[in-house]
A.B. asks: 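Below you'll find the structure I mean.
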Amino acid sequence: MTHPWLLPTIIAATPSAFFLILIYLYLYNKEGQKALLAWSICWIFHLLGYIGNIMQVGGVDSYRYFPAFSIDFIRALFQFLGCLYFLNKSFSRPFQILFGSAGLWALYLDIEKTKDPYMIWPIYLLIGGSQIYTGIIFLRTKNLIPSIGKIIAGWIFILWGIHVLNYPFVRFHPEFGFIGFFLAGLFRFSSAIVILLVFFEETKAALSKTEGNYKKIVDTTLEGIWLINKENNTTFVNSKMAEFLGMSEKELIGKNLYEFVTPEATDIVNKRLEERKQGKAEVHDFYFKRPDGEPVWLLMSANPIFDPQGNYEGSLAMCTDITYYKKTETALKESERQLSTLIRNLPGIAYRCAYDPDWTMEFISEGCFELTGYSPSDFVSNRTITYGEIMHPEDTERVFQEVTEAIGKNLPYQLLYRIYKRSGEMRWAFEQGSAVKGENGELIALEGFIADFTQVKLAEEIMANSLQEKDILLKEVHHRVKNYLQVLSSLLSIQLEQVEATNPTQVLTESQNRILSMAYVHESLYGKHRISDEFFPEFVSRLVDSLLKSFGHKKEEIQIFLNCESLPIKQNSAIPIGLILNELVTNILKHAFLFKKHSEEKIIKISFYKDGNWIHLDVTDNGKGKSSDPKPEDSMGLELVELLTKQLKGSVMDLSSEQGTVTRIRFPASY
């Protein structure tokens with residue numbers, strides 16, 4: 001027979017189950033811990049257990065379908081799981097097997113509706129034992145974080161477990177059932193309350209520990225922390241931030257951000273603060289001025305802060321001092337600029353390449369365009385062409401071998417080889433460089449400089465040719481001088497035969513003119529840097545001026561017309577031609593204008609030109625014309641002209657008339 005207080009006791013305990021379910025679910029929604037969810041499920045089944053007990057005591061017929069043992073088992077399981085999760089213990093394999101077996105046994109009892117206390121006892125033995133074990137765990141973990149709540153929780157679970165172990169035997173005395181339900185309800189409610197107490201203690205301790213950790217982080221971090229409100233006033237800084245800005249933490253509180261910003265950076269700050277208000281976070285570097293005037297560069301990770309309603313409250317920045325790196329970066333950029341300018345203006349190629357037959361370029365300066373006709377990008381990574389492809393095939397193997405030998409001896413290398421420009425033009429290149437090796441001695445790359453050596457090679461060739469020509473010239477001069485002396489000796493011998501019949505002064509003057517003529521020829525041939533046969537225009541002008549002066553004529557008295565082409569002639573022919581011209585002009589100055597008055601026009605025309613395979617030398621005057629006397633006075637000069645013309649294998653043509661004289665000397669162009 002049940003006690004009249006039993007049903008009121010059960011009904012009175014039922015609201016607490018609703019209350020605790022709501023509390024645990026609320027906390028789980030806020031904290032998201034698995035223990036809170038497990039305890040929420042546990043109290044749902046506690047509530048179902050209360051409903052089943054009310055049905056049983058109230059005599060409701062449908063109670064015979066109620067799974068009382070399964071519900072008691074499930075609430076005990078989730079309560080045990082919740083405590084294990086909370087205390088960071090694992091639900092080990094033995095527990096899984098034990099609870100799994102007990103769960104199947106409880107299901108069997110509910111299906112069979114067994115009333116035998118000895119059949120029921122294993123279920124409650126497991127429930128009571130798990131609660132005692134839970135209490136022991138609470139007591140053992142109290143020293144990790146000193147907690148009165150854990151001590152109370154531990155003893156409540158132990159006493160509750162002992163009470164549960166008596167349940168199968170109390171069923172034999174239903175008159176005392178209300179006491180058992182009262183004690184069970186008390187243990188349930190008190191365990192729930194003390195678990196909440198322990199949970200809040202743990203949360204508070206964890207929060208305090210977290211705050212302590214945060215404070216340590218804030219105080220010891222190498223980064224500055226700067227918090228400003230929506231008015232851009234400083235609300236918090238750590239010691240490192242204060243150090244960056246050159247002030248104390250107290251001095252910085254309340255300081256406006258703009259007090260550290262230079263005027264020219266105001267617009268940038270305004271723009272970034274507007275972005276913070278729009279919810280944009282950003283990482284950027286920025287320049288601030290300290291009160292002592294020292295500049296400071298900070299790398300800032302800025303994030304906006306909003307209240308729960310989404311209103312902008314301010315901004316938080318994590319800052320790193322990068323002043324040293326900025327100064328280094330500025331110096332490095334300046335160094336790079338100078339190096340880039342130097343390399344760009346070098347009259348050659350600076351390079352870094354791989355050690356392979358293609359000389360694969362990693363870097364090549366802009367000077368390569370002038371030397372090779374290709375742009376730097378054409379060579380880098382062999383994009384368009386390899387450097388090995390522009391080298392002369394005959395030099396490729398030799399160059400690679402010389403570089404290999406130098407690398408093997410740890411020496412720099414110097415190379416001279418030929419390359420082909422993009423246009424096909426061949427150029428000479430002089431290269432010097434060395435190997436770049438790693439810490440372990442492995443070859444990383446080759447670095448060096450390539451210069452255009454073409455002009456030097458051309459100068460060497462010119463010098464070699466010039467030396468050869470000078471050598472030939474010296475021999476030739478020696479030979480010519482000997483010949484000239486022989487010619488002079490012959491001319492003087494001929495002149496001696498006529499000394500008695502001629503004025504000696506005139507003889508000497510004419511001999512002097514002939515010698516000057518030969519001298520002019522010699523100077524025209526050998527007085528330049530290179531031997532040249534195209535001397536005639538210059539020679540004629542100088543010879544005529546000299547003869548005019550020798551015979552006492554002024555340039556204004558006689559008009560000289562020269563029409564002389566620059567024709568290549570043999571050096572052997574130069575002296576005879578010069579002497580022929582000397583004799584013809586001398587003859588004109590001596591005889592052609594004797595009967596002309598001073599006021600009358602006097603003209604000498606000299607033409608030197610090529611007609612077909614013949615070279616013509618025409619000497620013309622507007623004098624009295626040649627005498628019909630077969631033996632003229634100056635027969636020696638004319639004989640010399642005849643003799644020298646025959647030496648040139650040519651002929652003398654006399655085109656004289658009463659109005660003047662035209663003498664044409666013609667000889668083969670190939671002579």
Side-chain angles (χ1 to χ4, degrees), residues 285 297 299 322 324-459:
D285 53 20
W297 277 94
L299 179 64
I322 58 170
Y324 172 77
Y325 301 103
K326 275 290 184 179
K327 291 180 179 178
T328 304
E329 180 185 15
T330 302
L332 181 60
K333 285 182 178 179
E334 177 61 20
S335 177
E336 288 178 349
R337 185 197 65 76
Q338 293 175 358
L339 182 60
S340 175
T341 302
L342 178 63
I343 291 176
R344 188 168 56 251
N345 291 287
L346 280 175
I349 300 173
Y351 69 88
R352 179 186 176 96
C353 72
Y355 171 61
D356 59 34
D358 290 332
W359 310 110
T360 303
M361 292 292 172
E362 298 176 18
F363 165 80
I364 186 167
S365 66
E366 295 178 6
C368 73
F369 182 79
E370 183 176 352
L371 181 58
T372 68
Y374 293 93
S375 65
S377 60
D378 290 329
F379 287 113
V380 174
S381 300
N382 301 330
R383 179 180 176 185
T384 303
I385 191 171
T386 69
Y387 190 78
E389 288 179 295
I390 70 170
M391 294 177 67
H392 196 289
E394 295 178 2
D395 297 338
T396 303
E397 185 176 350
R398 173 182 59 81
V399 168
F400 192 82
Q401 183 178 356
E402 289 180 6
V403 173
T404 303
E405 290 176 358
I407 292 173
K409 296 177 181 178
N410 289 323
L411 295 173
Y413 52 83
Q414 290 187 341
L415 312 168
L416 185 61
Y417 53 87
R418 292 162 290 178
I419 62 172
Y420 286 104
K421 293 186 68 172
R422 193 168 198 164
S423 62
E425 177 188 359
M426 192 192 79
R427 308 290 289 178
W428 282 92
F430 174 75
E431 178 179 346
Q432 53 186 0
S434 59
V436 179
K437 296 187 177 181
E439 295 180 357
N440 299 323
E442 72 278 12
L443 180 63
I444 298 175
L446 302 176
E447 291 180 348
F449 184 77
I450 304 170
D452 189 347
F453 207 69
T454 306
Q455 294 301 322
V456 178
K457 289 296 288 184
L458 289 176

A.B. asks: Counting only N and O atoms by type, is there a donor-acceptor contact under 3.5 Å from the side chain of Glu405 to the main-chain atoms of Glu402?
C.D. replies: no
A.B. asks: I need the minimum non-hydrogen distance between Ile450 and Ala429, along with the two atoms involved.
C.D. replies: CG2-CB, 3.9 Å
A.B. asks: Can you pull out every salt bridge (Lys or Arg N to Asp or Glu O under 4.0 Å) where at least one residue sits in residues 407-424? Sequence neighbours excluded, please.
C.D. replies: Asp378-Arg422, Glu394-Arg418, Asp395-Arg418
A.B. asks: Would the distance check show the side chain of Ser434 and the main-chain N or O of Pro412 forming a donor-acceptor pair, the cut-off being under 3.5 Å?
C.D. replies: no
A.B. asks: Per the salt bridge (Lys or Arg N to Asp or Glu O under 4.0 Å) rule, what does the pair list look like for residues 428-440, sequence neighbours excluded?
C.D. replies: none
A.B. asks: So, Thr360 and Asp358: side-chain donor and acceptor under 3.5 Å apart, yes or no?
C.D. replies: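 Absent: no donor and acceptor within the cut-off.
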A.B. asks: Answer yes if the side chains of Thr404 and Gln401 hold a donor-acceptor pair under 3.5 Å, and no otherwise.
C.D. replies: no
A.B. asks: Please, which pairs that meet salt bridge (Lys or Arg N to Asp or Glu O under 4.0 Å) have at least one residue in residues 440-451, sequence neighbours excluded?
C.D. replies: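 Listed once each, the pairs are Arg352-Glu447.
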A.B. asks: Please check if the distance between the ring centroids of Phe379 and Tyr374 is under 6.0 Å.
C.D. replies: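 Yes, the ring of Phe379 comes within the 6.0 Å limit of the ring of Tyr374, centre to centre.
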A.B. asks: Of Pro376, Ser381, Cys353, which meets side chain to side chain contact (heavy atoms under 4.5 Å, CB included) against Met361?
C.D. replies: Cys353
A.B. asks: Is it the case that the side chain of Thr328 and the backbone of Tyr324 share a donor-acceptor pair, with hydrogens and angles ignored and the cut-off at 3.5 Å?
C.D. replies: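 Confirmed, Thr328 side chain pairs with Tyr324 backbone.
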A.B. asks: Who pairs with Lys457 by salt bridge (Lys or Arg N to Asp or Glu O under 4.0 Å), at least two apart in sequence or on another chain?
C.D. replies: Glu460
A.B. asks: So which pairs with a foot in residues 418-448 pass ring-ring contact (aromatic ring centres under 6.0 Å, His included), sequence neighbours left out?
C.D. replies: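 Applying ring-ring contact (aromatic ring centres under 6.0 Å, His included) to every pair that reaches into residues 418-448, excluding sequence neighbours, yields His392-Tyr420, Phe430-Phe453.
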A.B. asks: Who passes ring-ring contact (aromatic ring centres under 6.0 Å, His included) against Phe400, sequence neighbours left out?
C.D. replies: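 Applying ring-ring contact (aromatic ring centres under 6.0 Å, His included) to Phe400 gives Tyr355, Trp359.
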A.B. asks: Between Glu425 and Arg427, does any side-chain N to carboxylate O distance fall below 4.0 Å?
C.D. replies: yes
